[in-house]
Structures are given as structure tokens and as C-alpha cells.
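Below is one structure, written out as C-alpha cells; comments come after it.
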Amino acid sequence: MATCPPYPTHPTGPTGGALRHAHWWQKRWVRYGALSTLLALSGLVILALVREQTGTEGFLVGLGLAVLPVPLLVASFRWLDRVEPGPWRNLLFSFAWGACAAALIAIVANSFATRWIATATADPSHADTLGATVIAPVVEELAKAAAVLLVFLFRRRDFTGIVDGVVIAGVTATGFAFTENILYLGTAFGTDQLSGDSGIASVTAATFFVRVIMSPFAHPLFTVLTGIGFGIAALSGERQHVRRVLLPLLGLLLAMGMHAMWNGSSTFGEYGFFAVYATLMVPAFGLLTWLVIWTRQRELRTVREELPAYVVAGWLSPGEPFALGSMRERRVARQYARRHGGRAAARTVAQYEAYATSLAFLRHRGRRGRAGADFVVREQELLHALWHRREFARPALEHAAAAQSWRGYEHGYGHPHVAPMPVYWQSYGQVNEPMYGPAPYPAYNPYRT
């Protein structure tokens with residue numbers, strides 16, 4: 001197990017060894033092509049199955065109603081991920097897996113299992129109840145957990161803690177609930193068409209109220225438990241194999257159990273649904289919301305505690321750790337960059353903030369003996385990325401740090417630390433051209449002597 005060097009390392013140049021010839025199936029475009037094809041085929045099949053069951057008109061109505069909570073849920077998970085934002089391709093994959101592959105697996109497996117139980121017991125009503133409370137939670141949570149597992153295994157650099165697990169799991173479940181809501185709402189609309197019901201008294205209105213208004217967070221809430229298990233496993237050391245296996249399984253079992261309680265609430269009597277909703281779902285939602293927000297704040301504290309070592313070594317300016325450890329100051333820095341240099345400048349500052357956060361998390365894991373064997377290489381990559389963008393990001397962050405100091409001074413916290421203000425913004429729009437001129441890496445590292 002690689003451990004963190006006692007002090008920040010000084011990059012000496014690009015690293016790398018002899019590249020081995022990759023087989024054709026190991027090439028990135030082959031993997032991406034195969035995965036995209038799989039998801040596209042799954043989407044076409046699930047589209048045909050849902051349309052066959054709901055009809056064209058029911059499908060369009062279900063689609064229009066089911067899409068309403070999606071932007072809010074995705075935006076909420078993206079907000080949680082703002083400290084160290086992961087790439088959009090991971091979120092797109094997660095949503096597509098939930099909406100296409102996981103939904104297809106669930107529909108096929110649930111239908112097959114329910115029919116088999118009905119044939120074996122000769123009791124269709126009992127088979128439906130058993131399928132909803134036992135079969136569906138197991139099948140659906142396994143199908144959704146597959147996306148979290150794939151990101152955990154193949155996008156390991158993007159999966160570093162609890163928040164990453166929550167975001168990937170939540171977006172996957174949002175995609176799954178989107179497809180499931182199309183099916184339920186479209187079927188309800190078809191029922192209303194046959195019965196002639198409309199308005200508030202219709203089955204469509206009741207289904208919309210229960211699934212979209214009351215419980216849009218139900219599926220994300222279940223699968224987030226699996227994501228938390230994977231997130232804690234990501235924080236574990238490489239040699240803690242038992243913990244890295246058992247924690248995701250424990251999270252998956254909890255997700256299945258809560259899902260089963262939710263699906264079986266209608267069998268608990270007339271008010272069983274409302275009882276489960278009030279005593280299980282709402283408290284669990286509140287507890288998990290508190291957990292992820294607390295984790296988000298802890299991540300910001302980690303940034304403030306780990307980056308000062310790189311300030312003394314000359315990699316960062318004194319005010320940067322404080323600015324980078326506050327979401328408000330980060331926003332101030334991006335706004336300052338956009339105001340003086342346009343979107344390209346703001347984008348550069350956002351990239352700098354993300355790389356600095358990754359560096360802080362990497363060093364935090366290294367100090368705890370949980371970094372991978374590529375710790376030194378990864379640290380060099382992140383430092384190089386920061387150094388390459390410092391000419392554009394540092395002025396904005398210095399401004400944010402100065403603004404933070406003045407606010408503290410106004411509230412009686414002492415004299416402000418006024419960071420030097422930049423005067424070189426006229427060429428900011430051209431990101432590839434440094435404002436201060438080329439500068440070498442820090443020539444002297446006090447931690448190395």
C-alpha cells in the first residue's frame with residue numbers, strides 16, 4: 001500500500017513508461033462503442049415495451065408527466081457534487097443505465113418471476129403481491145447497483161467518497177424512476193380513457209400525486225443506500241478487502257429492505273401507505289439529506305486543512321486554501337473571472353477549483369495510508385494542472401480571499417488580509433496565453449530540506 005510522502009512532492013517532469021500494445025477490445029473507443037450500443041439497444045427495447053403496454057397516446061402523456069421531477073432531482077445531486085464535480089459523462093451513463101438497461105432488466109425479470117409464481121401457486125393475486133414486495137426490490141436494486149459498481153471499478157479516480165456514491169446512485173435511480181413513471185402514468189391514462197374519468201378524480205391524477213408529488217425521491221432514496229456503501233468502501237485502504245466488499249453489500253441489502261417496505265405498504269391496511277411514508281420514508285430522507293450535506297461540509301474542511309502545505313511549498317498563494325474551502329468564495333472567484341475575462345476565464349477557474357479539491361482529497365487519503373500505488377504520479381498530474389492554470393485562476397481566487405477577509409473584518413474578526421489585486425486581465429480571454437509570462441515550478445520546496 002502506498003502512503004503519502006511526508007511533504008508535497010516536487011514534479012520533475014512527465015512520467016510514464018513503455019506502453020504495451022493494447023488488444024483491440026481494450027481500446028477506449030471499442031469499450032465506449034460497445035457500452036453505447038448496449039444502452040441504445042436497451043432504450044429501443046424498453047421504448048417498444050412501454051409503448052406496447054400504454055399505447056402511443058398514453059406513452060406521450062406518461063412521458064410528459066414523468067419528465068417533470070427529473071431536472072429538479074438531477075440538479076439536486078449535481079449541487080451535492082459541486083465541491084469536487086465529477087465529469088458529466090458519468091452522470092449521463094448513470095441516468096442512461098437506470099432509464100434503459102436497469103428498467104429493461106426489471107421489466108423482464110419481474111414479469112417472468114411473477115408469471116412463474118402465479119403458475120406454481122395458481123394464485124395470481126398472491127403472485128402480484130409477492131412479486132411487488134420480494135422480487136421487485138431485489139431485481140430493481142441489483143440492476144441499479146450495477147451502474148454504481150461499474151463507475152466504482154472503471155472510473156475509480158472519479159469515485160473517491162460518500163458524495164460520489166450518493167450522486168451516481170441517485171442519478172441512476174432518477175433515470176430508473178423516469179422510465180417506471182412513464183409506464184405507470186401511461187397505464188393510468190389508458191385506464192381513464194376506458195372508464196371516462198378525468199380531472200382530480202382520475203387514476204392519472206392520483207398516480208401523478210403519489211409518484212411525482214409525494215415520492216419523487218423514493219427510488220433515489222433506496223439506491224443512495226447502496227451508493228453510501230460504495231462511497232465508504234472507496235475511502236477504505238486497498239488491503240481492507242473485507243470492508244470494501246461487505247459495505248456495498250450491506251448498503252444494497254438496506255436498499256432492498258427499504259424498497260420492500262415501501263412496495264408492501266399497501267398490504268398493511270387502509271392507512272399502511274401513509275404510515276410507512278410518515279414513519280420510514282420521510283425520516284430516512286431527512287437523515288440522508290443531513291448526512292450528505294454534512295459530508296459536503298467535511299470535504300470543504302478537508303480542502304482548507306490539506307492545501308496549506310502546498311502554500312508553504314510555493315504551489316499556491318496564501319489565500320487560496322480559504323477561498324477554495326468555501327463554496328461562496330469559489331462562486332465569487334468564478335464571477336470575478338467571468339466579469340473580467342468572459343466564459344473562458346470562468347471555466348479555467350472552475351477547472352482550477354476542481355483540480356485543487358482533488359489534490360486535497362488525494363493528500364488526505366495519502367496521510368491516512370489509503371492512497372493507491374499511483375499517489376506520486378497523480379499528485380504530479382494535479383500539481384501540473386494547477387500550475388498550468390494559475391495565471392488565470394490565482395487572481396480570481398486572491399480577489400475572493402480578499403473579499404472573505406474584508407467580510408470577516410466587518411464582523412469584528414481582526415484586520416483583513418488584503419491579497420494583491422491583479423492588473424493583467426486584458427488578455428484573459430485567451431486561455432492558452434499566460435498573463436504573467438512563463439514561470440517555472442517552485443524552485444525551492446522548504447518541506448524537502
Side-chain angles (χ1 to χ4, degrees), residues 14-52 59 63 66-67 70-71 73-74 77-78 81 84-109 139-160 164-180 182-183 219-220 223 226-227 230-231 233-234 248 252 347 351 354-355 358 372-374 377-378 381 385:
T15 59
L19 298 177
R20 294 178 299 175
H21 177 70
H23 297 288
W24 65 270
W25 63 82
Q26 294 176 316
K27 296 181 179 179
R28 178 176 298 182
W29 68 269
V30 174
R31 297 198 301 267
Y32 283 175
L35 183 60
S36 301
T37 302
L38 172 64
L39 292 176
L41 291 176
S42 300
L44 291 175
V45 174
I46 198 70
L47 174 65
L49 290 176
V50 173
R51 182 178 175 276
E52 180 183 2
F59 172 79
L63 177 63
V67 77
V70 171
L73 291 171
V74 173
F77 288 114
R78 190 63 177 171
D81 201 32
E84 188 189 19
W88 272 102
R89 61 176 177 269
N90 290 349
L91 300 185
L92 292 175
F93 162 75
S94 301
F95 187 88
W97 181 277
C100 301
L104 179 60
I105 293 171
I107 288 180
V108 173
V139 171
E140 293 176 7
E141 294 307 321
L142 279 173
K144 290 181 287 183
V148 187
L149 176 62
L150 289 173
V151 177
F152 181 81
L153 293 178
F154 297 103
R155 289 291 178 186
R156 192 64 183 83
R157 282 188 173 181
D158 303 329
F159 203 125
T160 58
D164 294 316
V166 168
V167 171
I168 295 300
V171 173
T172 302
T174 299
F176 182 89
F178 169 67
T179 300
E180 191 178 65
I182 295 175
L183 178 60
H219 272 289
T223 313
T226 304
F230 276 99
L252 178 61
R347 186 164 52 250
Q351 293 172 351
Y355 283 123
S358 298
D374 64 340
V377 174
R378 180 59 175 162
E381 292 175 352

Ser94 versus Val171, closest heavy-atom pair with distance: CB-CG1, 4.1 Å
Trp97 side-chain N/O to Ala143 backbone N/O, donor-acceptor pair under 3.5 Å: yes
Spacing of Leu150 atom CG and Leu35 atom CG [to the nearest 0.5 Å]: 7.5 Å
Closest approach of Phe159 to Ala234 (non-hydrogen atoms, all atoms of both residues): O-CB, 3.8 Å
Neighbour count above 12 (heavy atom, 6.0 Å) for Tyr32 OH: yes
Phe95 and Phe178, any side-chain heavy atoms less than 4.5 Å apart: yes
Flag, side chain of Thr179 to backbone of Ala99, donor-acceptor distance under 3.5 Å: yes
For Ala109 against Val139, the heavy-atom pair lying closest together: CB-CG1, 3.6 Å
Smallest separation among heavy atoms of Gly86 and Asp81, with atom names: N-OD2, 2.8 Å
From NE2 (His219) to CD (Glu141), nearest 0.5 Å: 7.5 Å
Donor-acceptor pair between Lys144 and Thr223 side chains, under 3.5 angstrom: yes
Over-ring placement of Arg155 relative to Phe152, 6.0 Å and 45° cut-offs: no
Heavy-atom neighbours of Arg51 CZ exceed 12 at 6.0 Å: no
Shortest non-hydrogen contact between Phe93 and Ala147, atoms and distance: CE2-O, 3.9 Å
Nearest-0.5 Å distance that lies between atom CG in Leu149 and atom CG in Leu153: 4.5 Å
Atom pair CZ (Arg378) and CZ (Arg157), whose distance is rounded to the nearest 0.5 Å: 4.5 Å
Any Val74 side-chain heavy atom under 4.5 Å of Val70 side chain: yes
Rounded distance [0.5 Å steps], CG in Leu47 versus CG in Leu63: 9.5 Å
Close side-chain approach of Asp164 and Asp158, heavy atoms under 4.5 Å: no
From CD1 (Ile107) to CG (Leu49), nearest 0.5 Å: 6.0 Å
Val67 versus Pro71, closest heavy-atom pair with distance: O-CD, 3.1 Å
